[in-house]
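Order of listing sets the numbers, starting from 1, for every ligand and every atom in it. Reckoned from all heavy atoms, side chains included, excluding hydrogens, waters and symmetry mates.
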Amino acid sequence: MRVLVTGGAGFIGSSLVESLLADGEDVVVLDDFSSGRRANLPATHGRLRVVVGSVLDDATVERLVGEVDHVYHLAAAVGVSLVGRAPRHGLEANTLGTLRVLAAAAARGVPTVVASSSEVYGARDAVPYREADAMCLGVPSEVRSGYSCAKAWGECLAFAHAAESGLPVLVVRLFNTVGPRQRARYGMVLPRFARQALAGEPLTVYSDGRQTRCFAHVEDVVSAIRALVARDRFGAVFNVGSEAEVTIGELANCVVRRAGSPSRIEHAAFESHHPGFGGGPRRRVPDLSALRQAIGAVPQRSLDSIIDEVLRSPRSSPLAQPGDSRGTTRPRAPSRPLLRTR
Ligand code: UDP
């Protein structure tokens with residue numbers, strides 16, 4: 001198989017590439033390195049080609065899609081810090097990029113996996129979130145609403161192509177995904193807490209810390225996506241994540257404890273750090289019934305072991321500041337099974 005991974009140098013994309021290469025596939029990565037890093041990928045590999053370019057560039061996208069049997073479309077602007085700083089760019093990348101990739105794939109009938117987000121559920125109170133649940137649209141002027149609408153629009157477009165041209169599309173709604181290569185600079189909570197704890201600085205918990213999330217290890221997420229493809233589950237949308245719910249306050253305490261850190265926990269208003277972004281849901285938990293039924297397994301790595309791995313990562317080191325300019329060593333592959341079977 002020859003596959004194209006857009007955003008393949010990013011945090012999730014590079015794990016996917018690693019897994020595809022390990023299984024003998026030929027991989028082309030298209031990445032503009034806006035948030036991805038060349039160092040996330042093997043320096044040289046006979047079956048890997050890295051193209052530096054944008055999913056907004058029609059000619060490049062058409063050429064590369066024309067060379068492959070499958071597309072994984074992961075390129076996106078993500079993270080409260082990145083998207084909050086450049087909301088227009090975020091909207092354009094996340095809509096027009098998906099538009100270009102799907103148009104090229106449809107013209108050639110290349111089966112395409114579209115990475116969507118739990119943000120499409122919006123500000124729901126009722127958990128768990130099921131794939132058939134209605135979107136809960138937010139306030140349009142808030143950046144978070146734009147992000148969720150862009151991801152939802154990408155899903156709509158994927159299924160529109162499927163309806164009109166029969167393009168095989170598979171939409172994966174990724175919930176909070178974490179792992180050692182994730183960068184603190186884009187605002188995601190676990191790498192931020194890990195770095196703060198290791199530096200002995202206060203951990204900044206937004207709001208009252210009773211909001212919840214479920215954190216899945218990136219390699220479990222990649223295994224689940226690949227299992228869906230291997231079982232030919234095109235034509236559908238699947239939640240992919242962990243169902244182990246934790247409050248952000250508990251997460252902070254757990255990071256401090258496991259790091260053996262003297263850090264205190266500080267509370268701050270989310271709005272004061274990210275004005276105009278819009279706060280997230282109080283609870284976010286996926287219903288994984290569809291995933292379990294499709295592949296017989298779900299991401300299951302424990303939060304404790306994930307935190308330990310993130311704490312050991314060079315990315316978490318205080319020496320890696322500012323902006324993760326150091327700490328680019330690639331983590332070792334895990335030796336344990338990634339998914340829990342039914
Ligand atoms: N959060 C926090 N401190 C931080 C970063 C995030 O308390 O330094 C909170 C944030 O308000 C949210 C949760 O942690 O409730 C997860 O945030 P993240 O940005 O990682 O993901 P998302 O909000 O998209 O779930």
Number the atoms of ligand 1 from 1 as they appear, then name those within less than 4.0 Å of a heavy atom of R192, with their elements. 4 (C), 5 (C), 8 (O)

Calculate, to the nearest 0.5 Å, the distance between atoms OG and CD belonging to S289 and E243 respectively. 8.0 Å

With heavy-atom distances below 4.0 Å as the criterion, list the atoms of ligand 1 near R213. 12 (C), 15 (O), 16 (C), 22 (P), 23 (O), 25 (O)

Tell me, which protein residue and heavy-atom name are nearest atom 13 (C) of ligand 1, and how many Å apart are they? I248 CD1, 3.6 Å

Please determine whether any non-hydrogen atom of R144 lies less than 4.0 Å from an atom of ligand 1. yes

Hey, are E62 and R100 close enough for a salt bridge, meaning a charged N less than 4.0 Å from a carboxylate O? no

Once ring pair (Phe, Tyr, Trp, His ring centres under 6.0 Å) is applied, what residue pairs with a partner in residues 223-246 remain, sequence neighbours excluded? H70-F234

Could you check whether any side-chain N or O of H267 sits under 3.5 Å from a backbone N or O of S207, counting only pairs where one atom can act as donor and the other as acceptor? yes

Short N-O contact, R144 and E119, less than 4.0 angstrom: yes

By number and element, which atoms of ligand 1 are closer than 4.0 Å to a non-hydrogen atom of N176? 21 (O), 22 (P), 25 (O)

Which residue and heavy atom of the protein sit nearest atom 11 (O) of ligand 1, plus the separation: Y206 CD1, 3.3 Å

Which atoms of ligand 1 sit under 4.0 Å from any heavy atom of V205? 7 (O)

Per-residue contact class, Q182 against ligand 1 - non-hydrogen pairs under 4.0 Å: neither

For F270, the atoms of ligand 1 under 4.0 Å from one of its heavy atoms are 11 (O)

With a 4.0 Å heavy-atom cut-off (strictly under), which part of H273 contacts ligand 1: side chain, backbone, both or neither? neither

Of the choices S148, P191, G79, G187, which has the non-hydrogen atom that lies closest to atom 19 (O) of ligand 1? G187

Heteroatom proximity flag, V189 to ligand 1, N/O under 3.5 Å: yes

Just checking, R85 and Y186: is the charged tip under 6.0 Å from the six-membered ring centre and within 45° of the axis? no

Classify the ring geometry of Y206 against H274: parallel below 30°, tilted from 30° to 60°, perpendicular beyond 60°. perpendicular

Quick note on ligand 1: atoms under 4.0 Å from a heavy atom of M188 include exactly 20 (O)

Counting from 1 in the order shown, the ligand 1 atoms closer than 4.0 Å to a non-hydrogen atom of E119 are 24 (O)

Does the pair R108 and E67 meet the rule for a salt bridge (Lys or Arg N to Asp or Glu O under 4.0 Å), with working shown? CA-CA 10 Å; R108 294 161 187 77; E67 295 176 10; over 6 Å; no

Could you tell me, atom by atom, which parts of ligand 1 come under 4.0 Å of a heavy atom of T204? 2 (C), 3 (N), 4 (C), 7 (O), 8 (O)

Less than 4.0 Å between a side-chain N and a carboxylate O, is that true for R192 and E201? no

Can you find a side-chain donor-acceptor pair between T98 and H73 that sits under 3.5 Å? yes

